[in-house]
Amino acid sequence: MIRSTVCGVGSALPRRVVTNKDLEQRLETSDEWIVQRTGIRQRYIAAEDETTASLGEAAARRALESAGMTPADVDLIVLGTSTPNNTFPATAVEIQERLGMRHGFAYDMQAVCSGFVYAVTAADLHLRGGTAKRALVIGAETFSRILDWNDRTTCVLFGDGAGAVVLEARDGEGTIADRGILASALRSDGSHKDKLFVDGGPSTTQTVGHLRMQGREVFKHAVGMITDVVEDVFRKADVSAEDISWFVPHQANKRIIDASARKLGIAEEKVVVTVDLHGNTSAASVPLALAHAVAQGRIKRGDLVLLEAMGGGFTWGAVLLRW
Ligand code: ACO
């Protein structure tokens, strides 16, 4: 049985850090309010020369380096993003070009904050179906470009960045002792589309638009949706919360992360939290957290790792893999 196995991970952040104190200078907000409500202490904000493509390329190069590979070794790029460099072509294709790749294929996956979880699941299907052998799966965002910087209810929450993994099709035994992706589940429900959206687009306003969110409404649905899809993955793989080595959730809000872990019965010390450092980086948040935990020596080969995300749409999903 083919298993899509992680063999490299990398990340990239913009040069500039913006702290909550920095935001206090320009908005009616406070470090205390932001930390209490969200757990966010700082975020990285892209300069003009830093784009979704440049950050995605940098993360991809680091992931390839950690896998001991070059761009010649991969034949698929799937990029989770909602902030592409251009409406088209896909930013994945731009990253392909930046990496000097003229072979294989590349496309963008648009599932907002669930983008990386969706992209990993799509890449897994390509590897298991034989349409690719090795994939770069990237989450890269420049949400700072679609924020309304006069709206304190949203602009303090988000940041920019990118993370990437290299997946390789390898033979497994078909048991949960295998390394690689063991189970995944994806969901969406467009009846929630007005709770978190961007108020512009090519076919409607011919503008890029700004992010709009009913924060309380998102909060209300998040924990139930996250725990439901994670429990589905547990059932598919026949594992329970105690079997998990690391829980790497989407980093939107510390309160949502804590409540989800509590409801699932996952011990606090197994939860990877980076929302304090990065803010909510949408599709980049899970691979950024993965790269952070690997760099700290926490996630190690053989560990059972649970990824989860929920975002605009709503979209949500979870992936269980052995590192
Ligand atoms: N600084 C200071 N005060 C603020 C700020 C701010 N940045 N923003 C809002 N306030 C005020 C409000 O105006 C309101 O004041 P009022 O009572 O005088 O009207 C008060 O704080 C409370 O506002 P609420 O919106 O009710 O605050 P709440 O406790 O719900 O927290 C938050 C808001 C943090 C957005 C919360 O609802 C939340 O985390 N929601 C989930 C959002 C999320 O995680 N989204 C991302 C998930 S999907 C994705 O990642 C794309």
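Basis for what follows: all heavy atoms, side chains included, without hydrogens, waters or symmetry-related copies. Keep in mind that this is a model prediction, so the values were computed, not measured. Every number for a ligand or one of its atoms is a count from 1 in the order of the listing.
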Can you report which non-hydrogen protein atom sits closest to [atom], along with the distance?
{"atom": "atom 1 (N) of ligand 1", "answer": "T29 OG1, 2.7 Å"}
{"atom": "atom 42 (C) of ligand 1", "answer": "M213 CE, 3.6 Å"}
{"atom": "atom 51 (C) of ligand 1", "answer": "C113 SG, 2.4 Å"}
{"atom": "atom 21 (O) of ligand 1", "answer": "W33 NE1, 3.2 Å"}
{"atom": "atom 7 (N) of ligand 1", "answer": "R152 O, 2.9 Å"}
{"atom": "atom 35 (C) of ligand 1", "answer": "L157 CD1, 4.0 Å"}
{"atom": "atom 30 (O) of ligand 1", "answer": "R216 CG, 3.2 Å"}
{"atom": "atom 22 (C) of ligand 1", "answer": "R37 NH2, 3.5 Å"}

Looking at [X], which atoms of ligand 1 are within less than 4.0 Å of one of its heavy atoms?
{"X": "H250", "value": "49 (C), 50 (O)"}
{"X": "N280", "value": "46 (C), 49 (C), 50 (O)"}
{"X": "V218", "value": "45 (N), 47 (C)"}
{"X": "G311", "value": "48 (S)"}

Under 6.0 Å between ring centres, would you say that holds for F158 and H278?
-> no

Answer yes or no: does an N/O atom from [X] fall short of 3.5 Å to an N/O atom of ligand 1?
{"X": "G215", "result": "yes"}
{"X": "S30", "result": "no"}
{"X": "T38", "result": "no"}

Counting only non-hydrogen atoms of the protein, does one fall under 4.0 Å from [atom]?
{"atom": "atom 39 (O) of ligand 1", "result": "yes"}
{"atom": "atom 25 (O) of ligand 1", "result": "no"}
{"atom": "atom 16 (P) of ligand 1", "result": "no"}
{"atom": "atom 3 (N) of ligand 1", "result": "yes"}
{"atom": "atom 47 (C) of ligand 1", "result": "yes"}
{"atom": "atom 9 (C) of ligand 1", "result": "yes"}
{"atom": "atom 19 (O) of ligand 1", "result": "no"}

Stepwise side-chain hydrogen bond (donor to acceptor under 3.5 Å, both in side chains) check, T5 with E168 = CA-CA 5 Å; T5 309; E168 182 174 53; over 6 Å; no

Can you check side-chain hydrogen bond (donor to acceptor under 3.5 Å, both in side chains) on S285 and H250, steps first, answer last?
-> CA-CA 6 Å; S285 94; H250 172 48; 2.6 Å; yes

Contact partition for [X] relative to ligand 1, non-hydrogen atoms under 4.0 Å:
{"X": "L196", "result": "side chain"}
{"X": "N253", "result": "side chain"}
{"X": "V156", "result": "side chain"}
{"X": "M310", "result": "backbone"}

Rounded to the nearest 0.5 Å, what separates atom [atom1] in [X] from atom [atom2] in [Y]?
{"X": "K254", "Y": "R41", "atom1": "NZ", "atom2": "CZ", "result": "10.0 Å"}
{"X": "T315", "Y": "M225", "atom1": "OG1", "atom2": "CE", "result": "9.5 Å"}
{"X": "H210", "Y": "T207", "atom1": "NE2", "atom2": "OG1", "result": "8.5 Å"}

Worked verdict on T83 versus E141 for side-chain hydrogen bond (donor to acceptor under 3.5 Å, both in side chains) = CA-CA 6 Å; T83 44; E141 301 278 17; 2.6 Å; yes

Is the shortest side-chain N to carboxylate O distance from E231 to R235 below 4.0 Å?
-> no

Residues D75 and K133 bridged, charged N to O under 4.0 Å |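 So D75 does not pair with K133 through a salt bridge.
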
Verify side chain to side chain contact (heavy atoms under 4.5 Å, CB included) between R43 and N20, making sure each step is shown before the conclusion.
-> CA-CA 8 Å; R43 72 287 293 140; N20 294 346; 2.9 Å; yes

More than 12 heavy atoms of other residues, nucleotides or ligands under 6.0 Å from CD of E28: is that the case?
->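 Check fails, neighbour count at 12 or below.
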
Counting only heavy atoms not in E65, do more than 12 sit closer than 6.0 Å to its CD atom?
->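 Atom CD in E65 is not crowded, with 12 or fewer foreign heavy atoms closer than 6.0 Å.
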
Determine the sole option in L288, N280, I257, V286 for which the side chain to side chain contact (heavy atoms under 4.5 Å, CB included) test with Q251 is passed.
->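 Looking at L288, N280, I257, V286, the match for Q251 under the side chain to side chain contact (heavy atoms under 4.5 Å, CB included) is I257.
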
Given D124, which of V319, I181, V137 fulfils the side chain to side chain contact (heavy atoms under 4.5 Å, CB included) condition?
-> I181

Derivation of the side-chain hydrogen bond (donor to acceptor under 3.5 Å, both in side chains) call for D160 and S144 | CA-CA 6 Å; D160 303 332; S144 63; 2.6 Å; yes

